[in-house]
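First up is the structure itself, then whatever we jot down about it.
Order of appearance sets the numbers: ligands from 1, and atoms from 1 within every ligand. Below, all heavy atoms of this structure are taken into account, side chains as well, without hydrogens, waters or symmetry copies.
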Amino acid sequence: MIKVDNIKKSFGEEEILKGITTTFYKGKTNLIIGQSGSGKTVLLKCLIGLFKPDDGNIFFEDKAIQNMDDEEQRTLREEIGMLFQGGALFDSMTIEENVMFPLRMFTKQKKSEMLGRVNEVLKRVKLENVNKKFPAEISGGMQKRVSIARAIVNNPKYLFCDEPNSGLDPKTATVIDNLIQEITHENNITTVVVTHDMNSVMEIGEKIVFLKNGLLVWQGDNDQIFKTDNQDVTDFVYSSNLFKKIRDIQISEQ
Ligand SMILES: Nc1ncnc2c1ncn2[C@@H]1O[C@H](COP(=O)(O)OP(=O)(O)OP(=O)(O)O)[C@@H](O)[C@H]1O
């Protein structure tokens, strides 16, 4: 579980996060949504320690990051898996070397042990016989699977995903969303996903945090989001014609 308590972050004169308070649950896919520029990525970067908030606290389980000593911070870093936008695989490394990278960084395992784990996670994301290929030799969807394998190879307690669906066709995007959710449930991970994809909201939005101009204006789940009368949220949800049509059909059937 991650608790965010009144986080504020400014760049120069501009206050980007204006006091965000929420909880991201263990074993669930927690989504941060909102329009472009609302502060989603800045919040994610505060969570993973790339930005230091100006005010407020972030608790991993019951421990505030601000109060962690160096050793505790190092342990926390090892407990975090990150799925970057676009995958961010190393082009000059094979798939196997890419997935092994965090093990080399954070463990002292023997090569055979690391290989065993690499094969295990590649199998989990349904990728076999690609170990010796390079990222450019496999499809975008397969590259995303490799990125997921790399993000979970260290058995993280926390998984952060920045726009995991960008650049994928709708069907592959859904497969990737579902894979992230399954892995979250299987391993009881606290997963936080930044997205603006309504399909992801519907598929995996077990906890949804909606940001607008650096403020949290709504939170709930993927059932509640279709029932809220919060205008900002409904504008976001029904900005897609598809969802407008679904709503109109539902209303006409009532
Ligand atoms: N390092 C930085 N320095 C200065 N301003 C920044 C920095 N990072 C983000 N910002 C500003 O913070 C605001 C929010 O940016 P952020 O990337 O969090 O938006 P977002 O909600 O993730 O949008 P998008 O969906 O387009 O990625 C923007 O106005 C951006 O210019």
- atom 7 (C) of ligand 1: nearest protein contact (heavy atom, Å): F11 CE1, 3.5 Å
- Task: Run the contact test for Q35 against ligand 1 with a 4.0 Å cut-off on heavy atoms, strictly below, and give the result.
- Result: yes
- Message: Closer than 4.0 Å and a protein heavy atom, does any atom meet both conditions relative to atom 19 (O) of ligand 1?
- Response: yes
- Task: Could you tell me whether some N/O pair between E163 and ligand 1 is separated by less than 3.5 angstrom?
- Result: no
- Message: Checking E97 against F90 for the side chain to side chain contact (heavy atoms under 4.5 Å, CB included) test, could you report, in this order, the C-alpha distance in whole Å, the side-chain angles of both residues, the deciding distance, and whether it holds?
- Response: CA-CA 9 Å; E97 288 165 345; F90 302 112; over 6 Å; no
- Can a non-hydrogen atom of G37 be found less than 4.0 Å from any atom of ligand 1? yes
- Message: Geometry only, no angles: is S38 polar-contacting ligand 1 at N/O separations under 3.5 Å?
- Response: yes
- Tell me yes or no: between the side chains of E206 and T29, is some donor less than 3.5 Å from an acceptor? yes
- Identify, for atom 26 (O) of ligand 1, the protein heavy atom at the shortest distance, and state residue, atom and that distance. S36 OG, 2.4 Å
- Task: Considering only NZ, NE, NH1 and NH2 on the basic side and carboxylate oxygens on the acidic side, decide whether K63 and E72 come within less than 4.0 Å.
- Result: yes
- Between F51 and ligand 1, does any nitrogen or oxygen pair lie at a separation below 3.5 Å? no
- Got a salt bridge between K132 and E96, using NZ or NE/NH1/NH2 to carboxylate O under 4.0 Å? yes
- Item | Side-chain donor-acceptor pair present, N6, D55, cut-off under 3.5 Å | no
- Query: For atom 9 (C) of ligand 1, is the nearest protein heavy atom under 4.0 Å away?
  - Reply: yes
- Message: Tell me the nearest of V42, L43, V194 to atom 15 (O) of ligand 1, using heavy-atom distances.
- Response: V42
- Query: Do Q231 and D235 have a side chain donor and acceptor closer than 3.5 Å?
  - Reply: yes
- Flag for K212-Q35: side-chain donor and acceptor within less than 3.5 Å: no
- Message: Please classify the I16 to ligand 1 contact at 4.0 Å (heavy-atom distances, strictly less than): side chain, backbone, both or neither.
- Response: side chain
- Query: Backbone or side chain, does any N or O of K40 fall under 3.5 Å from an N or O of ligand 1?
  - Reply: yes
- Please say whether the positively charged group of R74, taken as NZ for Lys or CZ for Arg, lies over the ring of F106, i.e. under 6.0 angstrom from the six-membered ring centre and within 45 degrees of the axis. no
- From L211, L44, T41, L17 - option closest to atom 27 (O) of ligand 1 by heavy atom: T41
- Item | Within 45° cone and under 6.0 Å: K9 NZ/CZ vs F51 ring | yes
